[in-house]
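Below is one structure, written out as structure tokens; the observations come after it.
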Amino acid sequence: MPGCSLTRLLFTLFGLLDLTLANPIKANANPFLLARQTITPGGQPCGQHGPENRRCWRNLWNIATDPDVSIPPAYNNRYYDLHITNATNWPGPDGVRKHAMLINNQFPGPTIEAEWGDYIVVNVYNDLQDNGTSIHWHGIRQFGESNQDGTNGVTECPIPPGHMKTYSFHVTQYGTSWYHSHFSNQYGNGVLGALIVKGPASANYDIDLGPYIISDYYHETADRLHLQAELARNGPPPDSDNILFRGKNINPDGSGRGSYDRLTLTPGKKHLLRLINASVDNSFTVSLVGHNFTVIATDMVPVQPTIRKSLFMAVGQRYDVIVTADQPVDNYWLNVTLEANNNCGRSRNPYPAGIIHYEGASPTALPTNRGTPIVATCTGETGFTPVVPRNIPPNFFRPSDIASNTLPIGLNIVNHTTKGQIFSWHVKDTPISVEWGHPVLEYILEGNYSFPAAINLIQLNQKDTWTLFLVHSSLSLPHPIHLHGHDFLVLGLGTGTFDPQKHLPLLNYSNPVRRDVEQLPGPGWAAIAFKTDNPGVWLMHCHIGWHVAMGLGVQFLERASEMRVLMKLDQVVPNCNAWREYERVGNWLPRGDTDSGL
Ligand code: C2O
């Protein structure tokens with residue numbers, strides 16, 4: 001195969017032959033990637049990655065290596081089996097039995113772990129009784145692999161019960177992320193887990209403590225809560241019953257059921273903590289009593305080390321932070337604070353917290369210092385500088401770009417024949433509703449470009465062009481806006497209305513914050529931009545589960561004409577046939593007519 005010999009040649013050139021022989025690319029690695037992977041080393045030899053040398057990675061790559069240009073050769077496949085099951089009468093972490101959906105019988109699901117440049121191969125078994133599923137690898141760029149994005153109705157059909165699907169993708173970036181079901185609100189029933197990719201870091205640390213998932217938690221099923229949330233007469237969406245730290249917390253009802261999560265620090269050491277907000281609805285501020293966070297990555301984008309006392313985390317966002325255990329040996333609260341006006345959701349737990357425990361302190365005592373109360377806002381963090389810069393030429397965008405690429409978000413109250421008045425969110429006047437049985441990738445495979453209006457699809461045909469979108473909302477609620485397949489540049493965020501005369505010249509084109517989820521102010525606007533360098537179909541949506549299920553989404557079909565050559569689109573067909581057969585004869589509750597499917 002030409003790809004293989006090229007790979008070999010380059011390995012030889014860069015003295016990596018031994019490494020390849022010791023770790024040959026596994027035969028079933030995605031063969032379509034081999035010819036395209038870039039293996040040009042990214043810098044001067046820097047030695048081995050270690051506590052005093054975290055900037056370095058495998059000698060020839062480092063924190064300044066641009067992952068769009070150079071990634072380490074893949075020499076490991078990381079295999080995982082995920083079995084998704086119904087758990088009726090699940091004991092739960094806080095003493096309340098409930099119906100859940102779990103992965104390998106645990107919550108959160110198993111952590112998927114890889115190193116920069118590896119392939120991740122995951123067999124997802126849908127062992128649910130009546131529901132489809134699809135697993136989306138949040139924040140993974142899926143460069144050239146849109147067909148592995150796991151978004152039902154967009155890149156695949158849902159996996160029917162009793163069926164299995166293998167996802168296989170290359171991790172071209174490193175850092176912290178998560179995976180979750182994209183089958184309506186299913187992740188709110190427990191179908192989620194952390195996904196971490198090890199690589200260099202912009203500051204040194206001694207110990208990688210792994211993922212730290214914080215997530216809102218409900219005793220009712222997400223499906224039922226969604227039905228409550230959409231009824232206009234119920235007002236704002238349901239409060240969460242609790243907020244869990246790594247899947248644990250005590251029940252705030254005073255019964256003492258459940259237990260606090262306790263994470264151990266080694267005195268004197270620097271710890272890498274990978275913070276993830278994997279909530280359905282709650283966005284919040286995280287702080288650790290007596291300690292600062294040194295932020296080294298926003299989502300999967302490494303940034304220059306930046307010290308913060310607290311961090312606002314919108315749903316879906318991640319921060320890699322370093323915590324130095326330089327305080328007296330003790331237990332400390334890691335607090336989550338919600339904004340007081342409930343614009344970022346509300347929880348029945350007024351003081352959600354986990355415990356950070358110094359080795360040597362009492363293993364059972366609670367922290368005594370509650371900390372200085374944090375005034376939590378609902379506003380996205382700003383002021384981070386990505387290590388690998390992305391710059392757009394000054395004054396690149398014109399008022400005409402704003403006019404054509406504005407994505408207004410809105411809310412309607414509509415009369416539903418059986419439900420009465422319900423909420424319906426929309427982007428550009430369309431509440432998105434995808435076709436589970438006919439995903440966009442299959443349209444492309446068929447050469448069919450007659451897309452129904454309801455799938456809210458925008459075509460982007462220009463190659464490698466910076467493309468701006470102005471997302472705006474005139475309502476007071478902020479929205480965590482997430483884009484698949486790209487990290488976007490946050491050129492500007494503002495409250496109120498975007499005035500091209502006034503605001504266009506103020507946009508920041510010079511290496512602004514880059515990430516895959518940003519909090520859209522409400523009312524306000526977000527000017528985001530990405531380069532059309534990843535042919536595929538990519539969803540952009542509010543990551544509040546209720547909102548996307550009620551229509552708050554849009555999808556970009558990027559460089560459709562190249563997709564058939566780039567990836568095996570026909571891989572979508574067998575599972576789609578199975579799904580369509582299941583829809584026809586299966587014993588399932590049909591999807592509600594107001595459910596976007598996402
Ligand atoms: Cu966390 Cu559409 O994704």
Side-chain angles (χ1 to χ4, degrees), residues 132 134 136 151-155 158 180-188 222-238 279-281 283 314-316 345 406-440 451-458 469-484 517 519-520 522-523 525-526 537-557 589-598:
S134 79
H136 167 59
T151 314
N152 47 211
V154 177
T155 61
H180 58 81
S181 168
H182 229 305
F183 186 83
S184 294
N185 271 301
Q186 191 173 74
Y187 88 76
D223 307 70
R224 287 205 187 159
L225 291 170
H226 176 73
L227 294 173
Q228 287 177 25
E230 80 176 341
L231 295 182
R233 65 169 180 271
N234 288 341
S279 295
V280 173
D281 178 52
S283 294
V315 176
T406 294
L407 301 176
I409 288 175
L411 175 67
N412 283 338
I413 295 180
V414 298
N415 278 313
H416 185 269
T417 43
T418 54
K419 295 174 180 169
Q421 295 205 312
I422 59 162
F423 290 124
S424 171
W425 287 94
H426 53 82
V427 180
K428 268 189 136 179
D429 295 326
T430 306
I432 195 172
S433 180
V434 297
E435 301 176 295
W436 278 346
H438 197 191
V440 176
F451 304 108
I455 70 168
N456 216 9
L457 182 136
I458 294 173
F469 285 96
L470 183 82
V471 190
H472 83 78
S473 166
S474 48
L475 302 167
S476 65
L477 275 187
H479 296 278
I481 301 295
H482 170 52
L483 174 64
H484 293 202
V517 184
Q519 180 84 333
L520 168 70
W525 52 271
V537 55
W538 308 114
L539 187 64
M540 186 164 88
H541 61 96
C542 174
H543 218 298
I544 293 174
W546 322 128
H547 290 176
V548 61
M550 290 179 212
L552 211 173
V554 62
Q555 51 186 323
F556 299 115
L557 176 57
L589 282 170
R591 169 175 144 200
D593 57 352
T594 58
D595 180 332
S596 73
L598 297 164

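One is the number of the first residue; the rest follow in order along the sequence.
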Between His547 and His541, is the gap from one ring center to the other below 6.0 Å?
-> no
For the pair Phe469 and Phe556, name the ring-plane relationship: parallel under 30°, tilted 30 to 60°, perpendicular over 60°.
-> tilted
With rounding to the nearest 0.5 Å, note down the distance linking SG in Cys542 to CG in Leu552.
-> 5.0 Å
Step by step, would you call Gln519 with Ser283 a side-chain hydrogen bond (donor to acceptor under 3.5 Å, both in side chains)?
-> CA-CA 9 Å; Gln519 180 84 333; Ser283 294; 4.5 Å; no
Mind checking whether Met550 and Leu411 have side chains closer than 4.5 Å, heavy atoms only?
-> no
Provide the closest heavy-atom pair for Ala526 versus Leu520 in the form atom of the first, atom of the second, distance.
-> N-CD1, 3.5 Å
Could you check if a side-chain atom of Ile409 sits within less than 4.5 angstrom of a side-chain atom of Ile481, using non-hydrogen atoms only?
-> yes
Looking at residues at least two apart in the chain, or sitting in another chain, which of them share a side chain to side chain donor-acceptor pair (under 3.5 Å) with Gln186?
-> Thr133, Ser181
Could you state the interatomic distance from CD1 (Ile413) to CZ (Phe423), rounded to the nearest 0.5 Å?
-> 5.0 Å
Check step by step if side chain to side chain contact (heavy atoms under 4.5 Å, CB included) holds for His416 and Val414.
-> CA-CA 6 Å; His416 185 269; Val414 298; 5.5 Å; no
Heavy atoms, side chains only, cut-off 4.5 Å: are Ile422 and Leu231 in contact?
-> yes
What is the distance from atom NE2 of His182 to atom OG of Ser596, rounded to the nearest 0.5 Å?
-> 9.0 Å
Heavy atoms, side chains only, cut-off 4.5 Å: are His484 and Val154 in contact?
-> no
So His180 and Tyr187, would you call those rings parallel, tilted or perpendicular, with 30° and 60° as cut-offs?
-> tilted
Nearest heavy atoms of Gly132 and Pro158, plus distance in Å = CA-CB, 4.3 Å
Hey, does Leu598 have a side-chain heavy atom less than 4.5 Å from the side chain of Val434?
-> yes
Spacing of Asp595 atom CG and Phe183 atom CZ [to the nearest 0.5 Å] | 8.5 Å
Tell me, do Val517 and Val315 make a side-chain contact under 4.5 Å, heavy atoms counted?
-> no
Just do the side chain to side chain contact (heavy atoms under 4.5 Å, CB included) check on His426 and Asn456 with the steps written out, would you?
-> CA-CA 9 Å; His426 53 82; Asn456 216 9; over 6 Å; no
Under the criterion side chain to side chain contact (heavy atoms under 4.5 Å, CB included), which of Thr155, Ile432, Val427 is the partner of Gln555?
-> Ile432
Any donor and acceptor pair, going by atom type alone, linking the side chain of Thr430 with main-chain N or O of Ala454 inside 3.5 Å?
-> no
Donor-acceptor contact present, side-chain Asp281 to main-chain Trp546, <3.5 Å | no
Would you please test Ser184 and Trp436 for side chain to side chain contact (heavy atoms under 4.5 Å, CB included) and show each step?
-> CA-CA 11 Å; Ser184 294; Trp436 278 346; 3.6 Å; yes
Determine whether Ser433 and Arg591 make a side-chain contact, defined as any pair of heavy atoms from C-beta on separated by less than 4.5 Å.
-> yes
Going from NE2 on His482 to CH2 on Trp538, what distance comes out if it is rounded to the nearest 0.5 angstrom?
-> 10.5 Å
What is the distance from atom CG of Asn185 to atom CD1 of Ile544, rounded to the nearest 0.5 Å?
-> 11.0 Å
